[in-house]
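A short write-up of the structure that comes next.
These values consider heavy atoms only, across backbone and side chains, with no hydrogens, waters or symmetry-generated copies. Sequence positions, counted from 1, serve as the residue numbers for this chain.
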Amino acid sequence: MAAARAGPVELGFAESAPAWRLRSEQFPSKVGGRPAWLGAAGLPGPPALACTLCGRPLSFLLQVYAPLPGRADAFHRGIFLFCCREPPCCAGLRVFRNQLPRKNDFYSYEPPSENPPPETGESVCLQLKSGAHLCRVCGCLGPKTCSRCHKAYYCSKEHQTLDWRLGHKQTCAQPDHFDHIIPDHNFLFPEFEILIETEEEIMPEVVEKEDYSEITGSMGEALEEELDSMAKHESGEDTIFQKFKTQIALEPEQILRYGRGIAPIWISGENIPQEKDIPDCPCGAKRILEFQFSDTVC
């Protein structure tokens, strides 16, 4: 992994938030729900959002609003993370980027208002400002439509079938009463806003080791020698895990660590990739770490 000049680490915490704060025009960082896409250009289609193992549609996990200073084309920039939540897989992580310049056709040049907008009556927006339609189940691009009403859009046959079974069958033939309130398909992760705070500079705490003196005093010499040997040969695995626990314990509620070029905090010494294991970007540049998230977010 290429070295980069890392700035301060920013920590993310999941907090409940009103729905309007998690819409695209607020440029949110968030967990769960439907992705708050910035624009239609470059959005992944259904083939890119299918699990490579089981073929099912991936679920949106989280997004981070991460503009690039000095890059006019990335004044607004979001990183979107998807995963397969089917029990046989529970894998298939995929990451996508969606970005816009400050001056664009969809959002104000000025920062978004901190005040809630007037209610529109729609609980879920399933059409981007560019006009692109989104799947009623997952909120990703929906190139397929219901052949009867032509008002419901889907990313896949699987999601169309799921929505039909959970309510669209009853409303499809009633165009005047088309349901804007989307049923719970039990496909999305619970939705929370990610609040960002800068991590304070800290000194690693000294890990206290157990005092075996009282124990060994009442045991035989052989056991005492065995304990001494175990202490002297503390494995690198234990050291890595202890460092992880010490760092996380300072802010145990964190679900995200963000910073371009920061060093990852490994939880284990197993399967740590070497630089040669990380493929270069298609542009030829070396990749750097940008964020790390906790699996507790799932």
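- Residues Phe192 and Ala14 approach most closely at CB-CB, 4.0 Å, considering heavy atoms.
- Ring to ring, Trp37 and Phe80 are close: their centroids are under 6.0 angstrom apart.
- Between Gly33 and Leu188, the shortest heavy-atom contact is O-CD2, 3.6 Å.
- Electrostatic pairing of Asp280 and Lys286 counts as a salt bridge here, judged by a charged N lying under 4.0 Å from a carboxylate O.
- Rounding to the nearest 0.5 Å places CZ of Arg165 at 7.5 Å from OG1 of Thr161.
- Hydrophobic cluster membership differs between Leu128 and Trp20, with clusters built from Ile, Leu, Val, Met, Phe, Trp and Tyr side chains linked at under 4.5 angstrom.
- Distance check, rounded to the nearest 0.5 Å: OG of Ser130 to CG of Leu38 gives 11.0 Å.
- Put simply, the side chain of Glu10 does not reach to within 4.5 Å of the side chain of Glu197, judged on heavy atoms.
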request  = Could you give me the CA-CA distance, side-chain angles and deciding distance for Ser59 and Phe82, then say whether side chain to side chain contact (heavy atoms under 4.5 Å, CB included) is met?
outcome  = CA-CA 5 Å; Ser59 297; Phe82 291 78; over 6 Å; no
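- Here Gln160 contributes atom CD and Arg136 contributes atom CZ; the two are 10.5 Å apart, rounded to the nearest 0.5 Å.
- Under the 6.0 Å cut-off for aromatic ring centres, Tyr65 and Phe27 qualify, their centroids lying closer than that.
- Using a 4.5 Å cut-off on side-chain heavy atoms (C-beta onward), His168 and Cys146 make contact.
- In the hydrophobic clustering of this structure, Leu61 groups with Ile196; members are Ile, Leu, Val, Met, Phe, Trp, Tyr whose side-chain heavy atoms approach within less than 4.5 Å, directly or through other members.
- Within a 6.0 Å radius of CZ in Arg102, other residues, nucleotides and ligands contribute more than 12 heavy atoms.
- Proximity of a side-chain donor or acceptor of Gln292 to a complementary backbone N or O of Ile265 within less than 3.5 Å is detected.
- Across every non-hydrogen atom of Leu141 and Ala132, the tightest pair is CD2-CB, 4.1 Å.
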inquiry  = Glu199 vs Arg257, test: side chain to side chain contact (heavy atoms under 4.5 Å, CB included). Steps then yes/no.
reply    = CA-CA 9 Å; Glu199 182 180 52; Arg257 299 178 62 82; 3.1 Å; yes
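- Taking both residues in full, the closest heavy atoms of His159 and Cys135 are given as ND1-SG, 3.6 Å, listed atom of the first, atom of the second, then distance.
- Counting only distance, with no hydrogens or angles, the side chain of Tyr107 and the backbone of Gln26 share no donor-acceptor pair below 3.5 Å.
- Phe291 is not connected to Leu68 by any chain of hydrophobic side-chain contacts under 4.5 Å among Ile, Leu, Val, Met, Phe, Trp and Tyr, and they are in different clusters.
- The aromatic rings of Phe241 and Phe244 lie parallel to each other, their planes meeting at an angle below 30°, with 60° marking the opposite boundary.
- Taking a cutoff of 4.0 Å between a charged side-chain nitrogen and a carboxylate oxygen, Arg97 and Glu290 do not qualify as a salt bridge.
- Within a 6.0 Å radius of CD in Glu253, other residues, nucleotides and ligands contribute 12 heavy atoms or fewer.
- Tracing side-chain contacts under 4.5 Å through hydrophobic residues (I, L, V, M, F, W, Y), one reaches Phe293 starting from Val64; they form part of the same cluster.
- Separating the NZ atom in Lys157 from the CH2 atom in Trp164 is a distance of 9.5 Å, to the nearest 0.5 Å.
- Under the 4.5 Å side-chain contact rule for hydrophobic residues, Leu134 and Tyr153 do not share a cluster.
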task = Give the C-alpha distance, both sets of side-chain angles, the deciding distance and a yes or no for side chain to side chain contact (heavy atoms under 4.5 Å, CB included) between Arg260 and Ile288.
result = CA-CA 7 Å; Arg260 285 177 62 83; Ile288 62 172; 4.0 Å; yes
task = Please step through side chain to side chain contact (heavy atoms under 4.5 Å, CB included) for the pair Tyr154 and Cys138, ending with a clear verdict.
result = CA-CA 8 Å; Tyr154 303 97; Cys138 66; over 6 Å; no
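- Between the side chain of Gln63 and the main chain of Ala36, a donor-acceptor pair closer than 3.5 Å is present.
- Closest non-hydrogen pair, Asn104 versus His76, comes out as ND2-CD2, 4.0 Å.
- The side-chain heavy atoms of Cys140 and Pro44, taken from C-beta on, include no pair separated by under 4.5 Å.
- Panel note: side chain Arg94, backbone Ala48; a donor-acceptor pair is recorded below 3.5 Å.
- Contact record, Pro279 with Asp277: CD-O, 3.5 Å, taken as the closest heavy-atom pair.
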